[in-house]
Amino acid sequence: MGIHNLAKLIADQAPAAIKEGEMANYFGRKIAIDASMSIYQFLIAVRQNGENLTNDSGETTSHLMGMFYRTIRMIENGIKPVYVFDGKPPQLKSKELEKRLERRTEAEAEKTKAADAGDGEAFDKFARRTVKVTREHNDDCKRLLTLMGVPYVDAPTEAEAQCAALVKQGKVYGVGTEDMDALTFGADVLVRHLTFSETRKMPIREYSLTKALQGLGINFEEFTDLCILLGCDYCDSIKGIGQKRALDLIKQHRNIETILKNIDKKKYAVPDDWAYEQARQLFKVPEILPADATDLKWTEPDEDGLVSYMVKEKGFS
DNA sequence: ACTCTGGCTCAAGACGAG
DNA sequence: TTGAGCCAGAGT
DNA sequence: CTCGTCC
């Protein structure tokens, strides 16, 4: 997921693009957040004895717990979050998704084995690998957000692409995510560690795309090709080319076509049917909602509705 | 000497009681 | 699953 | 700070 080693490359080659700060700096700021990614993290992390938290009817509540407290924390700090939900993944990602499904199926079997063997530790490990965000998880969270007066957006495809679009459209200040590909989608401001900075001793790290491009000495088109060389979700990369060689090659040849004409293909095997052009298109013109299709409004929470939903329906206290 | 790979590890959210 | 960090080993 | 609990 994301762009392989991009954070490290920027830290090494364009350190001026990174600014460290604290929660208070974001008071009054609107921030787009990948909802599906957050939910996934909550489902993986919020567990007890290897199982998600559930209410009396057996419905999972880990995602609601996580999203509820995290969102409250942000609002308390004056941040206005807008959550963006994933739509249909693009075709190019299907290979990657197939792989993930395969791994989940495998983990499912291992989980059962561990349960039979009474191996709690292994069960725990494999249970985390079987996590999948479902329609129900998403719907629960949308319901919660509505009651909290926090807006959300349904992305046509990739949530990160839509988050970046909101930045470009001037609707939010930046994207709050751990996933560096928000930059590749053209978000000028990416904020990492936005939420766990207070609980843990991790400073908030803000990445500026503009400054990264300046520091690396390349333009945005070249940056896109650089990200593809580093390794993205949409196609393979060239074995033997990592952060250093990728940046050198881009600086020297400015695009992948020219690089391909000039590198020694015996040393660096180019993948068969390399779909770098399609990947490039996905980053350049991803499917996103036009500015007038999203209306972001933050309102007062519906307290009665929240109590009714969380306490009565979902068993919170 | 530098760079990349692939092996391994670990943690993963948020809160508050003690 | 992800990512990050670390380290050994091999390729350039 | 660490650890147990949240549901």
Side-chain angles (χ1 to χ4, degrees), chain A residues 1-9 11-13 23 33-34 36-77 96-108 110-111 121 124-133 137 140-141 144 160 177-181 192-202 205 229-233 236-249 263-269 309-317:
Chain A
M1 192 145 276
I3 308 297
H4 193 241
N5 273 331
L6 180 56
K8 198 159 181 297
L9 183 140
D12 292 347
Q13 310 292 329
M23 196 81 137
I33 296 167
D34 181 339
S36 312
M37 176 74 73
S38 313
I39 293 170
Y40 180 74
Q41 318 262 41
F42 294 137
L43 292 175
I44 283 185
V46 186
R47 336 189 125 241
Q48 184 77 321
N49 307 320
E51 307 273 12
N52 281 125
L53 304 183
T54 57
N55 63 11
D56 291 339
S57 339
E59 298 170 304
T60 298
T61 51
S62 295
H63 55 308
L64 289 169
M65 163 86 74
M67 181 159 285
F68 184 62
Y69 285 114
R70 178 178 288 184
T71 306
I72 284 179
R73 168 158 285 260
M74 285 192 278
I75 291 172
E76 274 174 353
N77 282 274
E96 174 71 24
L97 294 176
E98 248 171 62
K99 262 190 251 164
R100 288 184 200 172
L101 175 64
E102 222 172 88
R103 289 193 204 109
R104 266 207 308 281
T105 314
E106 230 170 81
E108 203 73 60
E110 294 285 344
K111 189 175 86 169
E121 217 165 290
D124 200 350
K125 186 171 101 188
F126 290 115
R128 283 170 210 261
R129 292 191 198 172
T130 62
V131 165
K132 170 91 169 60
V133 177
H137 296 136
D140 286 348
C141 288
L144 173 65
E160 292 292 343
T177 180
E178 302 313 304
D179 200 336
M180 295 298 288
D181 58 12
R192 285 185 124 185
H193 317 146
L194 179 58
T195 50
F196 44 76
S197 61
E198 299 234 326
T199 7
R200 271 169 273 164
K201 52 198 175 201
M202 186 84 85
R205 216 165 269 166
L229 286 175
L230 290 174
C232 66
D233 283 352
D236 292 324
S237 55
I238 302 175
K239 278 231 170 354
I241 295 183
Q243 327 163 38
K244 295 286 159 65
R245 289 201 256 265
L247 182 58
D248 287 347
L249 287 168
I263 54 166
D264 182 347
K265 303 221 171 89
K266 292 200 185 70
K267 280 189 208 158
Y268 302 109
Y309 181 57
M310 294 296 272
V311 179
K312 293 215 187 81
E313 275 187 54
K314 296 296 181 180
F316 281 73
S317 58

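The shown structure was predicted, so the numbers you read here are calculated from the model rather than taken from an experiment. So you know, we letter chains A, B, ... as the sequences are listed, proteins then strands, and number each from 1.
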Which part of the nucleic acid, if any, lies within contact of A/Lys8, taking any heavy atom under 4.0 Å across all strands shown: a base, the sugar-phosphate backbone alone, or nothing? nothing

Check every atom of C/dT1, B/dG13, B/dC4 against the side chain of A/Val46 and return the nucleotide holding the closest atom. B/dG13

Checking A/Ser62 side chain against A/Asn52 main chain: does a donor-acceptor pair fall under 3.5 Å? no

Could you tell me whether A/Tyr268 contacts a base, only the sugar-phosphate backbone, or nothing, with contacts defined as non-hydrogen atoms closer than 4.0 Å? sugar-phosphate

What's the gap between B/dG13 and C/dG5 when it is taken at their C1' atoms, as a whole Å value? 22 Å

Can you tell if the side chain of A/Met310 reaches within under 4.5 Å of the side chain of A/Leu144, non-hydrogen atoms only? yes

Would you say A/Thr61's side chain and A/Leu53's backbone share a donor-acceptor pair under 3.5 angstrom? yes

For the side chain of A/Tyr69, starting at C-beta, report the closest nucleotide among C/dT1, B/dA14, B/dG13. B/dA14

Integer angstrom distance from the P of B/dA11 to that of D/dC3: 11 Å

Round to a whole Å and report the spacing from CD1 of A/Ile3 to P of C/dT2. 13 Å

Between A/Met180 and A/Ala7, which heavy-atom pair has the shortest distance, and what is it? CE-CA, 3.9 Å

CA sep, side-chain torsions, deciding dist, call: A/His137, A/Lys132, side chain to side chain contact (heavy atoms under 4.5 Å, CB included): CA-CA 9 Å; A/His137 296 136; A/Lys132 170 91 169 60; over 6 Å; no

For A/Arg73 and B/dC15, is the shortest distance between a side-chain N/O and OP1 or OP2 below 4.0 Å? yes

Let's see if you get this right: which residues in residues 53-60 of chain A place a heavy atom under 4.0 Å from DNA chain D? A/Leu53, A/Thr54, A/Asn55

Rounded off to whole Å, could you give me the CG-to-P distance for the A/Asp264 and B/dC4 pair? 16 Å

Examine distances only and state if a side-chain atom of A/Arg192 and a backbone atom of A/Arg205 form a donor-acceptor pair shorter than 3.5 Å. no

Determine yes or no for a side-chain-to-main-chain donor-acceptor pair under 3.5 angstrom, with A/Arg73 supplying the side chain and A/Thr195 the backbone. no

Taking only the C1' atom of each, what is the distance from C/dG3 to B/dA12 in whole angstrom? 10 Å

Closest-nucleotide ordering on DNA chain C, the 5'-leading residue of A/Ala7 and A/Ile44: A/Ile44

Mind running side chain to side chain contact (heavy atoms under 4.5 Å, CB included) on A/Phe42 and A/Met67 for me, showing each step along the way? CA-CA 8 Å; A/Phe42 294 137; A/Met67 181 159 285; 4.1 Å; yes

State, with a plain yes or no, whether a side-chain heavy atom of A/Ile33 is found less than 4.5 Å away from one of A/Met74. yes

Spacing of A/Gln41 atom CD relative to C/dG3 atom P, expressed in whole Å: 10 Å

To the nearest angstrom, how far is A/Asp34 atom CG from C/dG3 atom P? 13 Å

Taking the P atom in each of B/dG7 and D/dC7, what is the distance between them to the nearest angstrom? 42 Å

Dot-bracket encoding per residue of DNA chain C, Watson-Crick/G-U cut-off under 3.5 Å, | denoting interstrand: .|||||||||||

Do any side-chain nitrogens or oxygens of A/Arg70 fall under 4.0 Å of OP1 or OP2 in B/dA14? yes

Distance check: side-chain N/O of A/Lys244 vs OP1/OP2 of B/dT3, anything under 4.0 Å? yes

Closest nucleotide of DNA chain C for A/Arg128 versus for A/Lys267: which of these residues is on the 5' side? A/Arg128

Would you measure the distance from the C1' atom in B/dC8 across to the matching atom in D/dC6 and give it in whole Å? 33 Å

Whole angstrom is fine here: how far is it from CD1 in A/Ile238 over to P in C/dT12? 14 Å

Could you tell me whether the side chain of A/Ser57 and the main chain of A/Glu59 form a donor-acceptor pair under 3.5 Å? no

Between NE2 on residue A/His4 and CG on residue A/Leu9, distance to nearest 0.5 Å: 11.5 Å

To the nearest angstrom, the CD-C1' distance between A/Gln48 and B/dG13 comes to 13 Å

Counting just side-chain N and O atoms, does A/Ser317 come under 4.0 Å of either OP1 or OP2 of D/dC7? yes

C/dA4 phosphate, OP1 or OP2: any side-chain N/O from A/Arg192 under 4.0 angstrom? yes

Between C/dG11 atom P and A/Lys239 atom NZ, what is the distance in whole Å? 14 Å

Quantified in whole Å, what is the C1' atom distance between nucleotide B/dT9 and nucleotide D/dT5? 27 Å

Whole angstrom is fine here: how far is it from NE2 in A/His4 over to P in C/dA4? 9 Å

